[in-house]
Amino acid sequence: MEEVLNKLFEAVLEGDFEGVKSNVQTALDANLDPTNILNDGMIAAMREVGNRFEAGDYYVPEMLIAARAMQSGMAILKPHLLQADRKSSGKVLIGTVKGDLHDIGKNLVALMLEGAGFEITDLGVDVPIEDFVRVAQEQKPDIVAMSALLTTTMPMMKQTINAFETAGLRDKVKFIVGGAPVTETYAKQIGADGFSSDASRAVNVAKSLVS
Ligand code: B1M
């Protein structure tokens with residue numbers, strides 16, 4: 001059991017697409033919990049990629065290839081992570097903030113929320129503040145969910161919340177924020193309604209905000 005997750009971990013680190021796909025499939029065939037496959041095999045590997053980048057052992061191309069390899073595994077894992085809860089829990093508008101291209105965590109949050117019955121509109125990455133505002137005006141979501149992975153892009157979350165205030169929309173939506181450098185304290189400071197450090201907890205936070 002452990003061995004397949006170790007192989008998956010190594011395959012993500014090496015950006016070995018075929019290795020990632022085959023090890024995800026082997027782990028699923030062995031009835032491993034999809035959440036463990038995700039957390040212990042793939043997210044742990046991305047953390048190690050980050051460590052190697054910080055240490056100067058990996059460069060941007062290696063990060064990118066590892067991210068793409070992880071995404072190839074996610075395509076296989078996705079149906080197994082979706083839960084059976086199908087009644088609509090509410091509408092969520094989600095995106096990675098302006099200037100930020102990281103989308104793996106944001107995609108996971110969207111996936112988990114979708115699995116929990118939320119209707120998702122995903123604006124993608126590098127989302128301009130005006131797009132969050134315009135689409136919120138059009139679609140009237142219950143929740144606006146913002147992801148940021150860079151300390152330099154975190155302030156965009158605050159600016160987006162401010163823009164909702166200016167547009168007279170602030171009291172019509174709840175904001176959830178997250179991403180590796182984001183903390184609960186920061187979320188409170190910028191006036192967000194909810195914070196989560198990971199995708200599964202984001203579901204509980206979202207549910208509590210719409211209930
Ligand atoms: Co970049 N990168 N990156 N990167 N990258 C980090 C974030 C970094 C921490 C690496 C490091 O130095 N250790 C560092 C940021 C430092 C900082 O600001 N403090 C960094 C840097 C510096 C950069 C560049 C500036 C590098 C450069 O060009 N010199 C550049 C910036 C580009 C840009 O965005 N403008 C850059 C580029 C890239 C790639 C494009 C190559 C690639 C992203 C590809 C992609 O996403 N499609 C990449 C990657 C892969 C990483 C690391 C290695 C992995 C990120 C990841 O996908 N993790 C990352 C290192 C790390 O995070 N330790 C790093 C797995 C993912 C599942 O976790 O996204 O944290 P995460 O999501 C989690 C939680 O955070 C949470 O749930 C998820 C799991 O359950 N969560 C939410 C996320 N969003 C949420 C929203 C919520 C709630 C929870 O509510 C709405």
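Quick note: residue numbers are just sequence positions, from 1. Note that ligands are numbered from 1 as they come in the structure, with each ligand's atoms numbered from 1 the same way.
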Inset, instruction - Looking only at non-hydrogen atoms, find the nearest pair between A45 and L13 and report the distance. - result: O-CD2, 3.8 Å
Inset, instruction - Take atom 11 (C) of ligand 1 and look for protein heavy atoms under 4.0 Å from it; say yes if you find one, no if not. - result: yes
Inset, instruction - Give the residue and atom name of whichever protein heavy atom lies nearest to atom 22 (C) of ligand 1, and the separation in Å to one decimal. - result: F53 CE2, 3.9 Å
Legend entry - Any donor-acceptor N or O pair under 3.5 Å, side chains D29, Q25: yes
Legend entry - Protein heavy-atom partner closest to atom 56 (C) of ligand 1 - residue, atom, separation in Å: M46 CE, 4.2 Å
Legend entry - atom 60 (C) of ligand 1 protein-contacted, heavy-atom criterion under 4.0 angstrom: yes
Legend entry - Identity and separation of the nearest protein heavy atom to atom 88 (C) of ligand 1: S196 O, 3.5 Å
Inset, instruction - Determine, using the 4.5 Å side-chain heavy-atom cutoff (strictly less than), whether L123 and V125 are members of one ILVMFWY cluster. - result: no
Legend entry - Flag side-chain contact, heavy atom, 4.5 Å: L38 against M70: yes
Legend entry - Closest protein heavy atom (residue, atom, distance) for atom 44 (C) of ligand 1: A67 CB, 3.7 Å
Inset, instruction - Provide the number and element of each atom of ligand 1 under 4.0 Å from a heavy atom of Q71. - result: 47 (N)
Legend entry - Atoms in ligand 1 flagged as close to D198, the criterion being non-hydrogen separation under 4.0 Å: 76 (C), 77 (O), 80 (O)
Legend entry - Residue among D126, L101, V97 satisfying side-chain contact (heavy atoms from CB on, under 4.5 Å) with T153: V97
Inset, instruction - Report yes if some heavy atom in the side chain of M146 is under 4.5 Å from a heavy atom in the side chain of I161; otherwise report no. - result: yes
Legend entry - L108: numbered ligand 1 atoms lying under 4.0 Å from its heavy atoms: 67 (C)
Inset, instruction - Before signing off on this row, confirm whether T152 and ligand 1 have an N or O atom pair separated by under 3.5 Å. - result: no
Inset, instruction - Using a 4.5 Å cut-off on heavy atoms from C-beta on, say whether the side chain of M42 contacts that of I104. - result: no
Inset, instruction - State the CG-NZ distance between D100 and K106, to the nearest 0.5 angstrom. - result: 10.5 Å
Inset, instruction - For ligand 1, find out whether one of its N or O atoms is nearer than 3.5 Å to an N or O atom of A180. - result: yes
Legend entry - atom 84 (N) of ligand 1 [closest protein heavy-atom partner, distance rounded to 0.1 Å]: S147 OG, 2.8 Å
Legend entry - Ion pair D193/K188, N-O distance below 4.0 Å: no
Inset, instruction - Flag the pair K7 and E10 as a salt bridge only when some basic side-chain nitrogen lies within less than 4.0 angstrom of an acidic carboxylate oxygen. - result: no
Inset, instruction - Examine the proximity of ligand 1 to L149 and report which part, side chain or backbone, both or neither, has a heavy atom under 4.0 Å away. - result: both
Legend entry - Distance filter under 4.0 Å to D100 heavy atoms, resulting ligand 1 atoms: 34 (O)
Inset, instruction - Report, in ascending order of atom number, the atoms of ligand 1 lying under 4.0 Å from any heavy atom of V49. - result: 53 (C)
Inset, instruction - Starting from atom 35 (N) of ligand 1, locate the nearest protein heavy atom and write down its residue, its atom name and how far away it is, to 0.1 Å. - result: G99 O, 2.9 Å
Legend entry - Ring center gap for F175 and F164 short of 6.0 angstrom: yes
Legend entry - contact_flag P181 ligand 1 heavy-atom lt 4.0 Å: no
Inset, instruction - Go through the side-chain N and O atoms of D103 and Q71 and say whether any donor and acceptor fall under 3.5 Å apart. - result: yes
Legend entry - OG-CD1 distance between S208 and I176, expressed to the nearest 0.5 angstrom: 7.5 Å
Legend entry - A145 neighbourhood, listing ligand 1 atoms whose heavy-atom distance to it stays under 4.0 Å: 91 (C)
Inset, instruction - Please could you name the atoms of ligand 1 that G50 approaches to less than 4.0 Å, counting only its heavy atoms? - result: 11 (C), 13 (N), 53 (C), 60 (C)
Legend entry - Best match, M74, M112, E54, K98: closest heavy atom to atom 13 (N) of ligand 1: E54
Legend entry - N or O contact, T151 vs ligand 1, cut-off under 3.5 Å: yes
Inset, instruction - Look only at the side chain of N23 and the backbone of G19, and say whether a donor-acceptor pair between them is shorter than 3.5 Å. - result: yes
Inset, instruction - Begin with the C-alpha distance, continue with both residues' side-chain angles, and end with the deciding distance and a verdict on side chain to side chain contact (heavy atoms under 4.5 Å, CB included) for T121 and V92. - result: CA-CA 6 Å; T121 300; V92 177; over 6 Å; no
Inset, instruction - To the nearest 0.5 angstrom, please state how far the CZ atom of R68 sits from the CG atom of L64. - result: 4.0 Å
Inset, instruction - Name the option, out of A45, A192, A148, G105, that contains the heavy atom nearest to atom 78 (C) of ligand 1. - result: G105
Inset, instruction - Report yes if some N/O of A199 lies less than 3.5 Å from some N/O of ligand 1; otherwise report no. - result: yes
Inset, instruction - Do me a favour and list the nearest non-hydrogen protein atom to atom 2 (N) of ligand 1 with residue, atom name and distance? - result: H102 NE2, 3.2 Å
Inset, instruction - Compute the shortest N/O to N/O distance between D103 and ligand 1 and return yes if it is under 3.5 Å, no if not. - result: yes
Inset, instruction - Ignoring angles and geometry beyond distance, decide whether L101 reaches within less than 3.5 Å of ligand 1 through its nitrogen or oxygen atoms. - result: yes
Inset, instruction - Answer yes or no: are there more than 12 heavy-atom neighbours, outside R201 itself, under 6.0 Å from its atom CZ? - result: no
Legend entry - Closest to atom 76 (C) of ligand 1 among S197, A202, S200, G178 (heavy-atom distance): S197
Legend entry - M63: numbered ligand 1 atoms lying under 4.0 Å from its heavy atoms: 1 (Co), 3 (N), 4 (N), 5 (N), 38 (C), 41 (C), 48 (C), 49 (C), 50 (C), 51 (C), 53 (C)
Legend entry - Closest protein heavy atom (residue, atom, distance) for atom 15 (C) of ligand 1: L150 CD2, 3.5 Å
